[in-house]
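Everything below concerns the one structure shown next.
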Amino acid sequence: MTDFGLDNYLKLEAKQQPTWPDQAKLEKVRDQLAKQPPLVFAGEVDTLRARLAQAAQGNAFLLQGGDCAETFADATADRIRNRIKTVLQMAVVLMYGSSLPVIKMGRMAGQFAKPRSSDMETRGDVTLPAYRGDAVNGYEFTSESREANPERLLQAYHTSASTLNLIRAFTTGGFADLRSVHEWNKGFTENPAHKKYESMAGDIDRAMRFMDACGVDSEQLRATEFFVSHEGLLMDYERPLTRIDSRTNTPYVVSGHFIWIGERTRQLDGAHVDFLSRVRNPLGVKLGPTTSVDDVMRLMDKLDPNREPGRLTFISRMGATKIREELPKLVKAVRDSGATPLWITDPMHGNGITTKNGYKSRRFDDVMNEVEGFFEVHRSLGTHPGGLHVELTGDDVAECLGGSDAIDEASLEERYESVCDPRLNHMQSLELAFLVTEQLVKSTRS
Ligand code: PEP
Ligand code: CO
């Protein structure tokens, strides 16, 4: 029997890995992880691949959203529910406006590890290892908390399991019933996007009552598919959570349905690309503004040599000022080669700023500008703008600037909670969904 070369990555450089102080403890944790039940099932992963293939063909739209970095402390019922509600609301806005099926996917139940631009962080005259996500070390700035602890990998697994349990309950247990579109708006503070949503929910209600009157009683309206995804960053988490599917005798990462490779770890000869090329999950790759046509073509050859529908998603994150310049050549070369990966936009990671009062933030207008650029590029090349990847929370935080309820720099001092990148709050997310819908309608009708 072949081992599928799953350990070939050990011979290659793996960037962005923690320095674990205790190798014996790490090995013990890896053994324990390898014995845990899968979080997701191969059959679900295959379903997702089929859905993404639809999106790549222009017949669906992917909505992927959640925290930049999930934390153990925030894996509470309320916070998870608010994030799910936000994604469901955005999806309904997109679906109702564009008449396209929307594939819902959380950056959830596994998004516990972060790549960092620097290994160390200095505050005043103290320098400590950088925070790499709750799966690795603690956010608190003390030497004890910042030391990498492999036990955290197990805690990441268990927190993912309980998060996923709640996601499954919310999305299949009646909460996601399309007859409850009004309910999803409850508990959020009044704001302009909220009102617009209420009015649309009224229209959906009428459509539901009409269908009831006609005797349509579709199970499809009661529950929804909801997939989970995270960046495949930590080899010591992903490798032990990879299993050989008994139906097909092929390897699947079972820590999430969809795994993406980050901008900092997509080296063609690196560990991440090699390892993930060997598993069956649909994969994403982030593409920043320095990506060349050659990089993209070689990534396709390595990760999707058979050009399998739904296998590969390119997530462009160019920045609002660069997207119109940098994206067209990549999309054009891929299109001309005959390949049809899914293209989605991440309008967050290329638009980071530091405010005058020292916060890491993003301007809502830049986010929107990048989204518009993404749609323009695809319209001009005749390709499908297939999805949106955003960092969001269902809570009323102030981390990104602007939006029609204008978050300003002073508000950041009061309601900034992210331990990593700034997220859109509930209202900004909803507002973005309405704006993206306008773009999507323009693209599908042109
Ligand atoms: C992220 O998605 O949180 C991230 C780090 O993105 P990127 O790899 O695009 O910088
Ligand atoms: Co981020």
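Both ligands and their constituent atoms are indexed starting at 1 by order of listing.
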### Task
With Trp260 as reference, evaluate His389, His230, His349 under the ring pair (Phe, Tyr, Trp, His ring centres under 6.0 Å) test and give the passing residue.
His389
### Task
Answer yes or no: are there more than 12 heavy-atom neighbours, outside Arg298 itself, under 6.0 Å from its atom CZ?
no
Extract all N/O-N/O pairs under 3.5 Å that connect ligand 1 to the protein, and present each with both atom names and the distance rounded to 0.1 Å.
{"from": "ligand 1", "atom 1": "2 (O)", "to": "Arg107", "atom 2": "NH1", "distance (Å)": "2.9"}
{"from": "ligand 1", "atom 1": "2 (O)", "to": "Arg107", "atom 2": "NH2", "distance (Å)": "3.4"}
{"from": "ligand 1", "atom 1": "2 (O)", "to": "Lys286", "atom 2": "NZ", "distance (Å)": "2.7"}
{"from": "ligand 1", "atom 1": "2 (O)", "to": "His349", "atom 2": "NE2", "distance (Å)": "3.4"}
{"from": "ligand 1", "atom 1": "3 (O)", "to": "Arg107", "atom 2": "NH2", "distance (Å)": "2.9"}
{"from": "ligand 1", "atom 1": "3 (O)", "to": "Lys114", "atom 2": "NZ", "distance (Å)": "2.7"}
{"from": "ligand 1", "atom 1": "3 (O)", "to": "His349", "atom 2": "NE2", "distance (Å)": "3.0"}
{"from": "ligand 1", "atom 1": "3 (O)", "to": "Glu391", "atom 2": "OE2", "distance (Å)": "3.1"}
{"from": "ligand 1", "atom 1": "6 (O)", "to": "Lys286", "atom 2": "NZ", "distance (Å)": "2.8"}
{"from": "ligand 1", "atom 1": "8 (O)", "to": "Glu263", "atom 2": "N", "distance (Å)": "2.9"}
{"from": "ligand 1", "atom 1": "9 (O)", "to": "Lys286", "atom 2": "NZ", "distance (Å)": "2.9"}
{"from": "ligand 1", "atom 1": "9 (O)", "to": "Arg317", "atom 2": "NE", "distance (Å)": "2.6"}
{"from": "ligand 1", "atom 1": "10 (O)", "to": "Arg264", "atom 2": "NH1", "distance (Å)": "3.2"}
{"from": "ligand 1", "atom 1": "10 (O)", "to": "Arg317", "atom 2": "NH2", "distance (Å)": "2.8"}

#### Entry: Considering all heavy atoms, the nearest Thr437-Ser98 contact
CG2-N, 4.1 Å
### Query
Minimum heavy-atom separation for Leu268 to Val273, with atom names?
O-CG1, 4.1 Å
#### Entry: Cation-aromatic face contact Lys442/Phe375, 6.0 Å, 45 degrees
no
### Task
List the steps and the verdict of side-chain hydrogen bond (donor to acceptor under 3.5 Å, both in side chains) for Ser411 and Asp408.
CA-CA 5 Å; Ser411 343; Asp408 58 15; 2.5 Å; yes
### Message
Within the 3.5 Å criterion, strictly below it, is a donor on Gln57 or Thr340 matched to an acceptor on the partner's side chain?
### Response
no
### Residue list, side-chain hydrogen bond (donor to acceptor under 3.5 Å, both in side chains) with Glu44, at least two apart or on another chain
Arg168, His257
### Closer than 2.8 Å to the Co ion (ligand 2) - protein N, O or S atoms, ordered by chain and residue number
Cys68 SG, His349 NE2, Glu391 OE2, Asp421 OD2
### Task
List in chain and number order the residues that pass salt bridge (charged side-chain N to carboxylate O under 4.0 Å, His left out) with Asp74, two or more places apart in sequence or in another chain; answer none if no residue qualifies.
Arg79
